[in-house]
Amino acid sequence: MKVYRILFLGTVLIMFSCHGPKNLFRNGFSAEQTALIMDSDSLTPMSVYKITDKKDSLLLRTKSSKIKANPDDVVLQQFVKRLYATVRDSMSMGVGIAAPQVGILKNIIWVQRFDKENLPFEVYLNPVIKEYSKKKQVCKEGCLSIPDRSDTLSTRAFSIKIAYDTIEDQHKTETVEGFTSVIFQHEIDHLNGILYLDHLSKEIQDATK
């Protein structure tokens, strides 16, 4: 393990000397985050943070920060690929995932697009919901970070207008409806330290008034 760490640090130093400090850490990844991202190859899933662990739970309640899209950023590219590997892993398979769920507080999510042909997974940087429809939908939700539980919510908007950056650094907006809009709402909540249980609690409180 000690030898491996020395080799890893040597690799980081080489990258640092080639690209310079502004390029290597241009997205503000800390040394600890960079080590976590780069400690395995791009096909290796990352550990999913769970609310059943106190330290994990505190991080999941923390707001993430904006990230600069850059297709040439080695650390960013590695992280995006490992985040995808995590959501597609048999141990943590889901229809979406947010960066905080693997301990990285950056505004990055993967969402499965059930509204597109072949149901592709797509990555979004700095996604923001600009508008919510008044029309609601009833949906059943679960979460990779909340083990062995699912609940039915009735307050998710049927349609949302979102703005986001692509990994190629293009800014886009679009309107998303139905179940796919629920996934976006769920994952964007994660970026703001919100869990779907918060919406459920509010529904229960409103119902008892």
Side-chain donor/acceptor of [X] to backbone N/O of [Y], under 3.5 Å:
| X | Y | answer |
| --- | --- | --- |
| Ser159 | Ser133 | no |
| Asn118 | Pro120 | no |
| Gln78 | Val74 | no |
| Thr180 | Arg113 | no |
| Ser181 | Phe158 | yes |
| Gln112 | Leu119 | yes |

hydrophobic_cluster_shared for [Y] and [X], side chain cutoff 4.5 Å:
| X | Y | answer |
| --- | --- | --- |
| Ile188 | Tyr124 | yes |
| Leu144 | Ile104 | yes |
| Met38 | Met46 | yes |
| Ile51 | Leu59 | yes |
| Phe114 | Val176 | yes |

Chi angles and distances behind the side chain to side chain contact (heavy atoms under 4.5 Å, CB included) call for Ile108, Leu76: CA-CA 10 Å; Ile108 305 173; Leu76 175 59; 3.8 Å; yes
message: Quick one, Tyr196 with Asp189, criterion side-chain hydrogen bond (donor to acceptor under 3.5 Å, both in side chains). Give me CA distance, side-chain angles, the key distance, then yes/no.
response: CA-CA 8 Å; Tyr196 87 82; Asp189 272 351; over 6 Å; no
task: Go through the steps to decide whether Lys68 and Asp165 satisfy the test salt bridge (charged side-chain N to carboxylate O under 4.0 Å, His left out), and finish with yes or no.
output: CA-CA 9 Å; Lys68 171 62 179 173; Asp165 298 318; over 6 Å; no
task: Please report the C-alpha distance between His199 and Glu141 in whole Å, then the side-chain angles of each, then the deciding distance to 0.1 Å, and finally whether the side chain to side chain contact (heavy atoms under 4.5 Å, CB included) criterion is met.
output: CA-CA 11 Å; His199 296 284; Glu141 288 188 47; over 6 Å; no
- request: Quick one: do Val182 and Leu153 satisfy side chain to side chain contact (heavy atoms under 4.5 Å, CB included)? Show the steps, please.
  value: CA-CA 10 Å; Val182 173; Leu153 300 184; over 6 Å; no
What closest approach, in Å, do [X] and [Y] show between heavy atoms, and which atom pair accounts for it?
| X | Y | value |
| --- | --- | --- |
| Ile109 | Pro127 | CD1-CG, 3.8 Å |
| Arg82 | Pro45 | NH2-O, 3.3 Å |
| Pro100 | Lys106 | CD-O, 4.1 Å |
| Thr155 | Lys136 | O-CD, 3.6 Å |
| Ala157 | Gln137 | O-NE2, 3.0 Å |
| Val80 | Val123 | CG1-CG2, 4.0 Å |

What's the spacing between [X] [atom1] and [Y] [atom2] if we round to 0.5 Å?
| X | Y | atom1 | atom2 | value |
| --- | --- | --- | --- | --- |
| Asn107 | Ile67 | CG | CD1 | 8.0 Å |
| Asp73 | Phe79 | CG | CZ | 12.0 Å |
| Thr175 | Asp115 | OG1 | CG | 11.0 Å |
| Asn192 | Lys63 | CG | NZ | 3.5 Å |
| His190 | Thr62 | NE2 | OG1 | 13.0 Å |
| Ser57 | Lys50 | OG | NZ | 13.0 Å |

Any side-chain heavy atom of [X] sitting closer than 4.5 Å to one from [Y]?
| X | Y | answer |
| --- | --- | --- |
| Gln77 | Ile167 | yes |
| Val111 | Glu187 | yes |
| Arg149 | Leu197 | yes |

message: Does atom NZ (Lys135) have a neighbourhood of more than 12 heavy atoms from anything else shown, all under 6.0 Å?
response: no
Atom CD of Glu174 with >12 non-hydrogen neighbours under 6.0 angstrom: yes
message: side chain to side chain contact (heavy atoms under 4.5 Å, CB included) for Gln101 and Leu60? Distances and angles first, verdict last.
response: CA-CA 7 Å; Gln101 291 181 273; Leu60 289 167; 4.3 Å; yes
message: Can a side-chain donor-acceptor contact be found between Asp41 and Thr44 if the only test is distance below 3.5 angstrom?
response: yes
message: Over 60° means perpendicular and under 30° means parallel, so tell me whether Trp110 and Tyr84 are parallel, tilted or perpendicular.
response: tilted
